[in-house]
Amino acid sequence: MTSRPAHHTPQTFATWLRDQLSVRGYAERGGQKRFSADSGISPATVSRLLRADGLPDLRTLQLLSQALHVALGEILVRAGVAEPEDLAAAARPISPDPITPAQAAAELGITDPQAIHVFESMVGALRTPGDGRRVSGQHRERHRLDE
C-alpha cells in the first residue's frame, strides 16, 4: 500500500465520519454514545476519531464498515490507508498457473520484439531444465557438475 495521500488526513476522515453519523441519525444528543454501542467501538475511540486525533486501527475500520454499511475499501480510502488504485490492484484475481516469460514481459511493459526475445532468453537461462524453477548461480554450477 502507498503512504497516506495529503488529501486524506485525520481531519478529512473526521469530517466524513461526522457526516456519515449525521445521515444515520447519530447527530443528536447522545448519538455518539448510541453509535458506540451499536458499532462495538469504544466511546473513547469514537470521540478520538471525531476530534481528528489520529486514525483508527484496522479492526476499528472493519467495525466502522459494518456499522455504517460502507464497503471496507471505501473506508480504507477515506481514512487514507489505501488509494483507489491499491484496491483495484488487490482485486485482480491471482492465477494458479505461473505466467509465461512473454506474459511477464508484457506486464513489465516490454514491447520491443528484440527486447522481449532477450528477456525470454534471460528467464530461460535462469530456470532449471524441465521444472521451471529459478536457479541461482551456485545451484547452476552444482547442476552442471552433476551432469
Side-chain angles (χ1 to χ4, degrees), residues 1-140:
M1 286 190 200
T2 58
S3 62
R4 184 177 46 212
H7 60 279
H8 289 295
T9 65
Q11 185 59 50
T12 61
F13 185 72
T15 300
W16 176 83
L17 180 57
R18 198 172 293 106
D19 290 345
Q20 295 300 307
L21 295 180
S22 178
V23 167
R24 288 163 177 78
Y26 292 106
E28 70 276 355
R29 187 170 181 87
Q32 196 173 313
K33 186 175 181 180
R34 228 172 5 93
F35 178 73
S36 175
D38 292 348
S39 67
I41 300 169
S42 75
T45 299
V46 172
S47 177
R48 185 175 53 80
L49 293 173
L50 292 171
R51 287 191 324 266
D53 185 13
L55 290 172
D57 60 25
L58 183 56
R59 181 66 187 139
T60 301
L61 293 172
Q62 290 171 326
L63 290 171
L64 284 171
S65 172
Q66 293 167 358
L68 298 173
H69 303 286
V70 174
L72 180 58
E74 181 177 347
I75 300 261
L76 292 171
V77 171
R78 296 282 185 173
V81 175
E83 287 285 335
E85 298 80 26
D86 296 329
L87 300 178
R92 281 188 233 136
I94 298 174
S95 172
D97 301 318
I99 64 173
T100 66
Q103 290 169 324
E107 286 281 325
L108 292 169
I110 301 171
T111 58
D112 177 68
Q114 186 174 3
I116 293 170
H117 177 72
V118 169
F119 180 80
E120 290 175 327
S121 296
M122 289 297 291
V123 170
L126 295 172
R127 288 187 170 167
T128 299
D131 70 359
R133 289 184 302 164
R134 185 170 184 260
V135 181
S136 70
Q138 180 182 11
H139 290 104
R140 192 178 308 114

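We use all heavy atoms of the structure for the numbers below, so side chains are in, but hydrogens, waters and symmetry mates are not.
Between the CD1 atom in Ile110 and the CZ atom in Phe119 there is a gap of 5.0 Å [rounded to 0.5 Å]. Going from atom OG of Ser22 over to atom CZ of Arg18 covers 10.0 Å, rounded to the nearest 0.5 Å. Taking CG of Leu55 as the start and CZ of Arg78 as the end, the distance is 14.0 Å to the nearest 0.5 Å. Note that the OG1 atom of Thr111 and the CG atom of Leu108 stand 11.5 Å from one another [nearest 0.5 Å].
Of the listed residues (Leu21, Leu17, Thr15), just one forms a side-chain contact (heavy atoms from CB on, under 4.5 Å) with Asp19, and that residue is Thr15.
Nearest heavy atoms, Val123 versus Pro101: CG1-CG, 3.7 Å. Here the closest non-hydrogen pair linking Ala102 and Glu120 is CB-OE2, 3.2 Å. When all heavy atoms of Arg48 and Pro56 are compared, the closest pair comes out as NH2-CA, 4.5 Å. Between Ser47 and Arg51, the shortest heavy-atom distance links the atoms OG-NH1, 2.7 Å. Closest approach of Ala52 to Gln11, counting heavy atoms only: CB-OE1, 3.5 Å.
A side-chain donor-acceptor contact under 3.5 Å links Thr60 and Asp57.
Under a cut-off of 6.0 angstrom, the local environment of CD in Gln114 is sparse, with at most 12 non-hydrogen atoms contributed by other residues, nucleotides or ligands.
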Q) Between Leu58 and Leu76, is a side chain to side chain contact (heavy atoms under 4.5 Å, CB included) present by the stated rule, with each step listed? A) CA-CA 9 Å; Leu58 183 56; Leu76 292 171; 4.2 Å; yes

**Q.** Stepwise side chain to side chain contact (heavy atoms under 4.5 Å, CB included) check, Leu68 with Arg24
**A.** CA-CA 8 Å; Leu68 298 173; Arg24 288 163 177 78; 3.6 Å; yes

Q: Given side chain to side chain contact (heavy atoms under 4.5 Å, CB included), test Leu64 with Phe13 step by step and report yes or no.
A: CA-CA 12 Å; Leu64 284 171; Phe13 185 72; 3.8 Å; yes

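Checked by atom type and distance alone, the side chain of Ser39 pairs as donor or acceptor with a backbone atom of Phe35 at under 3.5 Å. A donor-acceptor distance shorter than 3.5 angstrom exists from the side chain of Gln103 to the backbone of Thr100, with no hydrogens or angles considered. Side-chain N or O atoms of Ser65 include none that pairs as donor or acceptor with a backbone N or O of Leu61 at under 3.5 Å.
Looking only at side-chain heavy atoms (C-beta outward), Gln66 and Leu63 come within less than 4.5 Å of each other. A 4.5 Å side-chain heavy-atom check between Ser121 and His117 finds at least one atom pair inside the cut-off. Side-chain contact between Thr9 and Thr12 is present, with heavy atoms from C-beta onward closer than 4.5 Å. For the pair Val70/Trp16, a side-chain contact is recorded, criterion being any heavy-atom separation below 4.5 Å from C-beta on.
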